[in-house]
J.: 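Below you will find the structure I want to go over with you.
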2 protein chains.
Amino acid sequence: MDSRHTSREKLTDTLRAHGINPTHQRIEIAHALFSRQEHLSADQIMAIVNERHCETSKATVYNTLNLFVAKALIREVIVDPTRVFYDPNTEPHYHLYDVQSGRLTDVSSADVRISGLPDLPEGMVAEGMDVIIRVRPAI
Amino acid sequence: MDSRHTSREKLTDTLRAHGINPTHQRIEIAHALFSRQEHLSADQIMAIVNERHCETSKATVYNTLNLFVAKALIREVIVDPTRVFYDPNTEPHYHLYDVQSGRLTDVSSADVRISGLPDLPEGMVAEGMDVIIRVRPAI
DNA sequence: AGCCGGGCTGGACTGTGTCTAATGCAGCCC
DNA sequence: GGGCTGCATTAGACACAGTCCAGCCCGGCT
């Protein structure tokens with residue numbers, strides 16, 4: 001009845017539902033992302049997963065994150081030229097990026113209306129739209 | 001009365017207008033960006049500038065691009081996790097990014113209406129908003 | 001047992017971008 | 001002219017995220 005335990009069981013199901021073989025490492029990585037609802041970089045995820053003992057290699061972390069993205073379990077967020085953030089929230093939504101601190105927060109897309117977008121070029125399909133509002137502390 | 005010449009003279013003025021000391025290298029880099037109205041990476045810019053003889057170093061290219069961005073002469077576009085693109089168009093506008101080919105094209109913001117954005121957090125100022133529409137060729 | 005295949009691993013590697021220490025060069029004052 | 005100051009440039013070393021590779025582990029199957 002431990003909630004962390006339950007959570008890990010749910011994650012196992014989630015992974016399977018996305019066609020991902022739920023290994024120990026993959027569950028830990030998914031747990032890092034889904035337990036805290038934050039935007040983490042590969043680096044941060046590796047640090048969290050290996051907090052106690054080093055048991056997951058860099059290659060596995062990157063492989064797993066790329067796999068999760070390919071299977072649409074998580075999303076990449078590209079705002080910082082030096083590293084990619086991973087977002088466990090796959091609902092359509094936008095981002096607020098604090099340029100100063102590097103903090104990234106979600107903006108619900110529910111209330112946002114975007115109109116007047118041009119037609120896509122012939123033979124192109126939209127994969128998605130990223131909206132990033134860059135903010136910084138007022139002086 | 002050579003148009004390239006004229007262009008370089010205009011660039012000299014533009015640089016000065018932005019508080020940038022117009023050196024030979026800076027003019028060449030600005031010319032690479034402004035003559036073709038494209039989105040180029042630092043790498044591509046260096047290749048263009050050094051097409052004939054190598055006369056501008058990597059450090060200078062990066063220093064100059066960062067200077068241009070700081071002085072609001074050009075804009076960074078962050079869509080590709082592996083490299084930054086530089087955009088000579090500083091008018092507000094959005095981007096269409098072809099995930100397959102890596103091609104980046106402008107979308108005029110004139111017709112686009114965005115409403116319902118949330119209030120910014122206390123003490124924060126917006127620096128700008130990036131809108132990136134990711135597209136790929138239809139199968 | 002022996003094979004097969006997916007997953008994991010350390011370590012080497014790649015490619016952007018930054019840093020550093022040295023050099024060049026222009027203006028300036030004496 | 002000679003010496004000083006300060007910015008711009010440079011080559012090369014470096015930092016770092018991310019990828020690649022070759023080998024190992026391990027569970028399932030025959």
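Values in this document were obtained by computation on a predicted structure and should not be read as measured data. First the proteins, then the strands, lettered A, B, ... as listed; each starts at 1. What's counted below: heavy atoms across the whole structure, side chains too, no hydrogens, waters or symmetry copies.
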J.: Does B:N66 reach a base, just sugar-phosphate, or nothing at all? Heavy atoms under 4.0 Å.
T.: sugar-phosphate
J.: Is B:S41 touching bases, backbone alone, or none of the nucleic acid, heavy atoms closer than 4.0 Å?
T.: nothing
J.: Verify, without hydrogens or angle tests, whether B:D130 (side chain) and B:I78 (backbone) share a donor-acceptor contact under 3.5 angstrom.
T.: no
J.: Tell me: CG of B:D80 to C1' of C:dG17, nearest whole Å?
T.: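 Taking atom C1' of C:dG17 as the reference, CG of B:D80 is at 14 Å.
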J.: Would you mind reading off the distance between B:M46 atom CE and C:dT18 atom P, rounded to a whole angstrom?
T.: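 Taking CE of B:M46 and P of C:dT18, I get 14 Å after rounding.
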J.: Using a 4.0 Å heavy-atom cut-off, does A:T60 contact any base of the nucleic acid, only the sugar-phosphate backbone, or nothing at all?
T.: base
J.: If you only use heavy atoms from C-beta on, which nucleotide in D:dT10, C:dA12, C:dG7 is closest to the side chain of A:K58?
T.: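 Shortest atom-to-atom distance from the side chain points to C:dA12.
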J.: In whole Å, what is the span from the CG atom of A:L67 to the P atom of D:dT19?
T.: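 Nearest whole value for this atom pair: 13 Å.
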J.: How close or far is atom C1' of D:dA17 from atom CD of A:Q44, stated in whole angstroms?
T.: 13 Å
J.: Can you tell me the distance, in whole Å, between the CZ atom of A:F68 and the C1' atom of D:dG18?
T.: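 It works out to 18 Å between those atoms.
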J.: When you check the phosphate oxygens OP1 and OP2 of D:dT19, does a side-chain N or O of A:Y62 lie under 4.0 Å from one of them?
T.: no
J.: Between B:E55 (CD) and C:dT23 (C1'), how many Å, whole number?
T.: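 Rounded to whole Å, this separation is 18 Å.
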J.: Please tell me which of B:H24 and B:P81 maps to the more 5' nucleotide of DNA chain D, matching each residue to the nucleotide holding its nearest heavy atom.
T.: B:H24
J.: Side-chain N or O of A:N21 versus OP1/OP2 of C:dG7: is the shortest distance under 4.0 Å?
T.: yes
J.: Would you kindly compare A:Y86 and B:C54 by the position of their nearest DNA chain D nucleotide and give the one closer to the 5′ end?
T.: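 Here B:C54 is the residue nearer the 5' end.
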J.: Ignoring backbone atoms, establish whether B:T23 has a side-chain N or O less than 4.0 Å from OP1 or OP2 of D:dT9.
T.: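 Checking D:dT9 against B:T23, a side-chain N or O does come within under 4.0 Å of OP1 or OP2.
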J.: From the set C:dT18, C:dT9, D:dG18, return the single nucleotide nearest to any side-chain atom of A:S57.
T.: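 Of C:dT18, C:dT9, D:dG18, C:dT9 is nearest to the side chain of A:S57.
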J.: As a test of reading the structure: which of D:dT10, D:dG18, C:dG10 is closest to the side chain of A:V84, going by heavy atoms?
T.: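 Shortest atom-to-atom distance from the side chain points to D:dG18.
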J.: Checking side-chain hydrogen bond (donor to acceptor under 3.5 Å, both in side chains) between B:H39 and each of B:D106, B:N89, B:T105, which is the one that passes?
T.: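 Going through the options one by one, the only one that passes is B:D106.
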J.: Would you say B:T14's side chain and B:K10's backbone share a donor-acceptor pair under 3.5 angstrom?
T.: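 Yes, B:T14 side chain to B:K10 backbone: donor-acceptor pair under 3.5 Å.
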J.: Determine whether B:E55 and B:H24 make a side-chain contact, defined as any pair of heavy atoms from C-beta on separated by less than 4.5 Å.
T.: yes
J.: Keeping the roles fixed (side chain from B:S41, backbone from B:F85), state whether a donor-acceptor pair exists under 3.5 Å.
T.: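 Checking the backbone N and O of B:F85 against the side chain of B:S41, no donor-acceptor pair under 3.5 Å is found.
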J.: Looking at side-chain heavy atoms only, is the closest gap between A:P121 and B:D98 below 4.5 Å?
T.: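 They are not in contact (no side-chain heavy atoms under 4.5 Å apart), so the answer is no.
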J.: At under 4.0 Å, does any side-chain N or O of B:R26 touch on OP1 or OP2 of D:dA8?
T.: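 For D:dA8, OP1 or OP2 has a side-chain N or O of B:R26 closer than 4.0 Å.
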J.: Between B:N50 (CG) and D:dT10 (C1'), how many Å, whole number?
T.: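 To the nearest whole Å, that distance equals 12 Å.
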J.: May I have the distance from B:H53 (atom NE2) to D:dT9 (atom P), rounded to whole angstrom?
T.: 18 Å
J.: Nearest to the side chain of A:R83, which nucleotide is it out of D:dA8, C:dT9, D:dA17?
T.: D:dA17
